[in-house]
Undergrad: 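Would you mind keeping the following structure in view while I ask a few things?
Since we're looking at a predicted model, the values are computed, not measured. Numbers for residues simply follow the sequence, beginning at 1.
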Amino acid sequence: MKFFPRGIRFLGLTAFAVVLSVRTTLAADLSSQDVATSTSPLQLAPITITASPAPKSSWNTPASVSVVEGRKMDRVRGESVAAAIQNEPGVSMIGEGATVAKPVIRGLNSQEIVIVEDGVRSEAEQWGNEHAPEIDPLGTNRIEVMRGPNSLLYGSDALGGVVSISHPELPNAHLGDGPLRGNFSSIVNSNDNSVGENFEASGASGDWGYRANLSQLQAGNFRTPQIGSVPNTGDSEVHGSGEVGVRKDWGGLSASFAKFNKRVELQNPGNPFPPRDNLTDSEFQVLSHEHGKIHADVNTAPARLDITAGYDWVNRKEYDSPDIDTTGSTSSPVPPPSPHLNWVEGSYTLDAKAHLVPMGPFQGTIGVSGLRRVDQSLGVVDLTPSYNENNVGEFLVEDVPVGKFDFTFGIRGDQSAYNIQANDKIGIDFSHSMNDPHPVAAQTLNYSAVSGAAGGVYHITEPLAFAVNLGRGYRNPVPFELFAFGKHEGTGEFSIGNPNLQPETSFDTEASLRWASARVKAEVGVFRNYIHNYIYSTFVSQSLLPADFNDQTIPVVQEQQANATVKGVDGAITVAATDWLTLNSVYNMVRGYNDQGDPMLNTNYIPHVPADNVLVGADVHGKMLGPVSHPYFGIDEKFTAAQARTNALEIPTPSFALMGLHTGGELIVMGNRVTLDAGVSNLFNKNYIDYNSILKEFNIGNPGRNVYAKLSIPFGS
């Protein structure tokens, strides 16, 4: 475990048997503990690192948490980092093909969701539909999904939830790790002819440990049953990361860095419902992302200090065309082109937590966080002004285990200042013959907020628990929502901001029943999230377009806000019917209402709320099948209902059902455990359109049948 000088790892048992000596984090006392043993086809509820200030089982966390790791991660890993969680309770995707996917958690997305990489916020200008997380899908080994408001720990934006993505932990020689071990893995997909590889190496010597990985992914155009190959939907990515650290009796110190590069093509046709011949869009984006941190945990007498300094830098370039110079002419071929839109954003964070000595049943954590963000608009067109942001937050969280109860409560205060730079070029776009400036004056916007959470878990019997969680969250409007004026290439819309927007605040309530036994693992929850001043986009009159704008068919949208309510039911159940048969199901139902109604159109629904869906599946597995250990074969079907509860910007979609097959196992080769996973998704090659597909307005379906295979070859000590 990350937080202790010595640790243990859990590998898929409901319990473990060992007599262990543990060096406490706050004193040098040694103690021994006997733990009972039993085995089960189901995995132990995993330790949750980031859903609470200190390590805690997800079964004891009042908020709903899902964890994907280990062999499950191997089986569900895809061409985007978000693909691994798409079938978790409460989760759906906004996507375009297999390589562009961003999470929706309980009906909320984009700025209402916080993405965390290795404990540091990862930014991707989330306000764009196509602005998906820019994180290596092949090098990550663990993802946590925290549903519901998490502003208490993460500050602004975490109204809907948090997705925490992690690389492997540093190896530890004191736990038996050697100087060199590694892994080579590969993934191939038939639908878009993609091929990806990841190479990892790590090791430990004495108190020092290191790890590194390098990966790449190449994908062609994806195919649908109706259209066939969809032009201009390919992808090319290269990623790498590394970390080094030292572990001493006083604590530990580590430094890490990750680099992400991607070129992605986007097909946004000019005409709705196009035939294949009209799919001539050639726009693309070039994305660069850097992410790093320095982390220290220090054991002191009054408290254990946990300090993280983070760095996150993203450069997003959006191009109209690969052969058009947008600096002043729409007909001058030049290599390379100038980016139509270009945003560069750097974030610098400092988080310090003090895990206090327990006082009776109270186990408290007090912390402070700071953020400095600098955003520059550098493209040919200034769709938004440049700005910088400063934020300071303070919080206190207490965990109180009492008998059968586990209580958690806390409070946080935040103070934010946005310094907007003057810009008199917004609204000028020579590539679209638009010269209608909407200048923005230099100004400072100050926001402050108080957020908090309170909840508890009551363990009714040994396998049954009841959890309740209440949380208040908030979100400040971003400058794009306040001041944008112009065509946003990635979304295919003419975007208009609203400088009168106020911060969003939310109050969320959820309750869940949980069952964790040797044969059944289940959780079902109900939730209601009331959002005051919810920010959304809606259609407005074409008359707001500049008179000289040369594309009168483009949708014109403006930011509005109203009170909204998001509520629903979600849950999952896994049953070990026998030692060789496991059954599982995931259910999601979300309703999102604009409580005040859209002032422009007759609708009272908020955008991107997914259709009701249920996944059912079965796995047959065993210990050995010839030379293959832990073989499995499975089948699943996901039923998705029609969605007619549409926002003004959206189109209703019909129901569909998709079947998938999967199989795999492990081989012992030269003492190493080689794993192979394979399968087929959309087995019957059905043509369908998901409600949250970016391309549904163009009548372009989601990808058809896909045959995939994944290979992992470890080596070393």
Side-chain angles (χ1 to χ4, degrees), residues 12 40-46 58 64 66-79 82-93 98 101 103 143 145 187 189 191 514-525 569-589 610-623 625 628 630-641 655-666 675-686 688 690 702-710:
S40 166
L42 303 185
Q43 185 179 15
L44 174 71
S58 60
S64 298
S66 298
V67 181
V68 178
E69 61 183 350
R71 281 293 286 137
K72 182 177 180 180
M73 173 65 80
D74 294 337
R75 291 171 60 170
V76 300
R77 191 188 309 274
E79 297 175 71
I85 58 172
Q86 61 184 334
N87 289 322
E88 293 302 306
V91 179
S92 59
M93 295 295 148
I143 303 179
V145 181
I187 179 173
N189 293 272
N191 184 273
R514 304 169 182 176
W515 183 282
S517 67
R519 290 290 179 182
V520 179
K521 181 180 177 181
E523 180 175 7
V524 59
V569 180
D570 53 40
I573 180 171
T574 302
V575 178
T578 69
D579 289 341
W580 53 268
L581 176 63
T582 301
L583 308 175
N584 63 86
S585 181
V586 178
Y587 176 71
N588 296 289
M589 183 189 77
D612 300 346
N613 60 83
V614 59
L615 182 146
V616 293
D619 277 8
V620 175
H621 46 81
K623 294 183 178 180
L625 180 62
V628 181
H630 300 100
Y632 69 89
F633 176 82
I635 183 171
D636 58 66
E637 181 126 8
K638 188 171 186 177
F639 302 90
T640 301
S655 62
F656 57 90
L658 304 177
M659 180 174 288
L661 303 176
H662 47 269
T663 186
E666 304 169 0
T675 63
L676 177 65
D677 301 283
V680 184
S681 56
N682 194 358
L683 177 64
F684 298 111
N685 201 33
K686 290 190 175 181
Y688 74 101
D690 186 82
N702 287 73
R705 181 188 297 117
N706 180 52
V707 180
Y708 61 87
K710 308 170 190 178

Undergrad: Under the side chain to side chain contact (heavy atoms under 4.5 Å, CB included) test, which residues partner T640, sequence neighbours left out?
TA: A611, N613, K638, F656
Undergrad: How long is the span from the CG atom in N706 to the CG atom in L683, to the nearest 0.5 Å?
TA: 11.5 Å
Undergrad: Taking D690's backbone N and O only, do any of them form a donor-acceptor pair with N702's side chain (distance below 3.5 Å, no angle check)?
TA: yes
Undergrad: Please name all residues satisfying side chain to side chain donor-acceptor pair (under 3.5 Å) with R514, sequence neighbours left out, ordered by chain then number.
TA: S512, E523
Undergrad: Taking side chain to side chain contact (heavy atoms under 4.5 Å, CB included) as the definition, give me every residue that meets it alongside S655, ordered by chain and number, with sequence neighbours left out.
TA: A642
Undergrad: Taking only residues two or more places apart in sequence or in another chain, which ones pass side chain to side chain contact (heavy atoms under 4.5 Å, CB included) with F684?
TA: M659, K686
Undergrad: Would you mind reporting whether L615 and N588 have side-chain heavy atoms less than 4.5 Å apart?
TA: no
Undergrad: As an exercise, state the distance from OG1 of T663 to CZ of R75, rounded to the nearest 0.5 Å.
TA: 9.0 Å
Undergrad: Is any side-chain heavy atom of S585 less than 4.5 Å from a side-chain heavy atom of V614?
TA: yes
Undergrad: Measuring from atom CH2 of W580 to atom NZ of K623, what distance do you get when rounded to the nearest 0.5 angstrom?
TA: 15.5 Å
Undergrad: Excluding sequence neighbours, so at least two apart, what forms salt bridge (charged side-chain N to carboxylate O under 4.0 Å, His left out) with D677?
TA: R71
Undergrad: Which atom pair, heavy atoms only, marks the closest approach of L661 to Y708?
TA: O-OH, 3.9 Å
Undergrad: Who are the side chain to side chain donor-acceptor pair (under 3.5 Å) partners of D636, not counting sequence neighbours?
TA: H662
Undergrad: Output all residues satisfying salt bridge (charged side-chain N to carboxylate O under 4.0 Å, His left out) with D612, sequence neighbours left out; order by chain, then residue number.
TA: R591, R645
Undergrad: Taking only residues two or more places apart in sequence, or in another chain, which ones meet E79 in a salt bridge (charged side-chain N to carboxylate O under 4.0 Å, His left out)?
TA: none
Undergrad: Counting C-beta onward and ignoring hydrogens, is there a side-chain heavy-atom pair between H621 and T582 closer than 4.5 Å?
TA: yes
Undergrad: Side chain to side chain donor-acceptor pair (under 3.5 Å) with D570: which residues, sequence neighbours excluded?
TA: R106
Undergrad: Might you point out which heavy atoms bring I573 and A522 nearest each other, and give the distance in Å?
TA: CG1-CB, 3.7 Å
Undergrad: Quick one: are V76 and N87 in side-chain contact, heavy atoms under 4.5 Å?
TA: no
Undergrad: Hey, does D579 have a side-chain heavy atom less than 4.5 Å from the side chain of R519?
TA: yes
Undergrad: Could you tell me which residues satisfy side chain to side chain contact (heavy atoms under 4.5 Å, CB included) with V91, sequence neighbours excluded, listed by chain and number?
TA: I85, E88, M93, V145
Undergrad: Quick check for you: to the nearest 0.5 Å, what is the distance between I143 atom CD1 and K72 atom NZ?
TA: 10.5 Å
Undergrad: Under the salt bridge (charged side-chain N to carboxylate O under 4.0 Å, His left out) test, which residues partner R705, sequence neighbours left out?
TA: none
